[in-house]
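Beneath this line is the structure, given in structure tokens, with notes to follow.
Residue indices begin at 1 and follow the sequence shown.
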Amino acid sequence: MSDMFFLVVGIILAGIGLLLIMAKVMTYIKCTVPINATVVKLEKEYTFFRGVEHTHYRPVVRYAVDGNNYTEKAYFRTYRKTEYPIDSKMEICYNPKNPEEIRFVGHPFPLHIGTVFLFIGAVLIWCCFL
């Protein structure tokens with residue numbers, strides 16, 4: 001009974017992990033047109049770790065495609081406010097079929113969550129065959 005439960009949960013978690021990873025890979029494949037975007041704002045975010053507050057900055061960029069302006073928030077953040085100054089340029093690639101879909105050149109995709117789900121699912125599946 002418990003082996004079957006772990007197998008099913010493992011398959012579900014591994015499937016979710018694969019879907020999350022594939023979504024990021026597909027974004028990378030679809031976003032092929034390079035363009036320079038301008039940093040228009042730094043969104044300040046706070047996290048708490050062991051009772052200590054940490055400040056992060058997430059760049060917001062603006063770019064134009066075919067006369068239309070788009071503004072997107074980066075999926076990454078930095079501790080240094082000066083790393084992405086306002087009005088500085090960042091290279092991005094956008095999806096020519098959907099210009100709102102972008103990836104930031106030089107910044108790896110956050111695959112952590114998908115990898116964790118895949119790993120836990122694989123361990124649960126593997127445990128069923130011991």
Measure the shortest side-chain to side-chain distance between [X] and [Y] over non-hydrogen atoms and say whether it is less than 4.5 angstrom.
| X | Y | answer |
| --- | --- | --- |
| T55 | Y79 | no |
| Y70 | N68 | yes |
| F117 | L19 | no |
| C93 | T32 | no |
| S88 | V39 | yes |
| E45 | Y57 | no |
| I92 | I35 | yes |
| L42 | V60 | no |

**Request:** Could you tell me how the ring of Y84 sits relative to the ring of F76: parallel (under 30°), tilted (30 to 60°) or perpendicular (over 60°)?
**Result:** tilted
Atom [atom1] in [X], atom [atom2] in [Y]: separation rounded to 0.5 Å?
| X | Y | atom1 | atom2 | value |
| --- | --- | --- | --- | --- |
| N36 | M90 | CG | CE | 10.5 Å |
| K30 | K97 | NZ | NZ | 9.0 Å |
| I12 | I120 | CD1 | CD1 | 14.0 Å |
| L18 | L13 | CG | CG | 11.0 Å |
| I29 | K24 | CD1 | NZ | 13.5 Å |

**Request:** Take Y63 and T38 through the test side chain to side chain contact (heavy atoms under 4.5 Å, CB included) and record every step on the way to the result.
**Result:** CA-CA 6 Å; Y63 58 101; T38 303; over 6 Å; no
Hydrophobic cluster membership, [X] vs [Y], 4.5 Å side-chain cutoff:
| X | Y | value |
| --- | --- | --- |
| M22 | Y28 | no |
| V105 | V25 | no |
| M4 | F6 | yes |
| V40 | V61 | no |

Nearest heavy-atom pair of [X] and [Y]: which atoms, and what distance?
| X | Y | result |
| --- | --- | --- |
| G10 | L124 | CA-CB, 3.8 Å |
| T82 | P85 | O-CD, 3.5 Å |
| A14 | A122 | CB-N, 4.5 Å |
| C31 | R103 | O-NE, 3.0 Å |

**Message:** Closer than 4.0 angstrom, basic N to acidic O: yes or no for K81 and E83?
**Reply:** no
**Prompt:** Is the shortest side-chain N to carboxylate O distance from E43 to R58 below 4.0 Å?
**Reply:** no
**Request:** Please confirm whether the backbone N or O of R80 pairs with a side-chain atom of T78, one donor and one acceptor, at under 3.5 Å?
**Result:** yes
**Message:** Using the side-chain hydrogen bond (donor to acceptor under 3.5 Å, both in side chains) definition, which of the options R77, H54, E53, H56 pairs with T47?
**Reply:** H56
**Prompt:** Do the side-chain N and O atoms of R62 and T71 include a donor-acceptor pair separated by under 3.5 angstrom?
**Reply:** yes
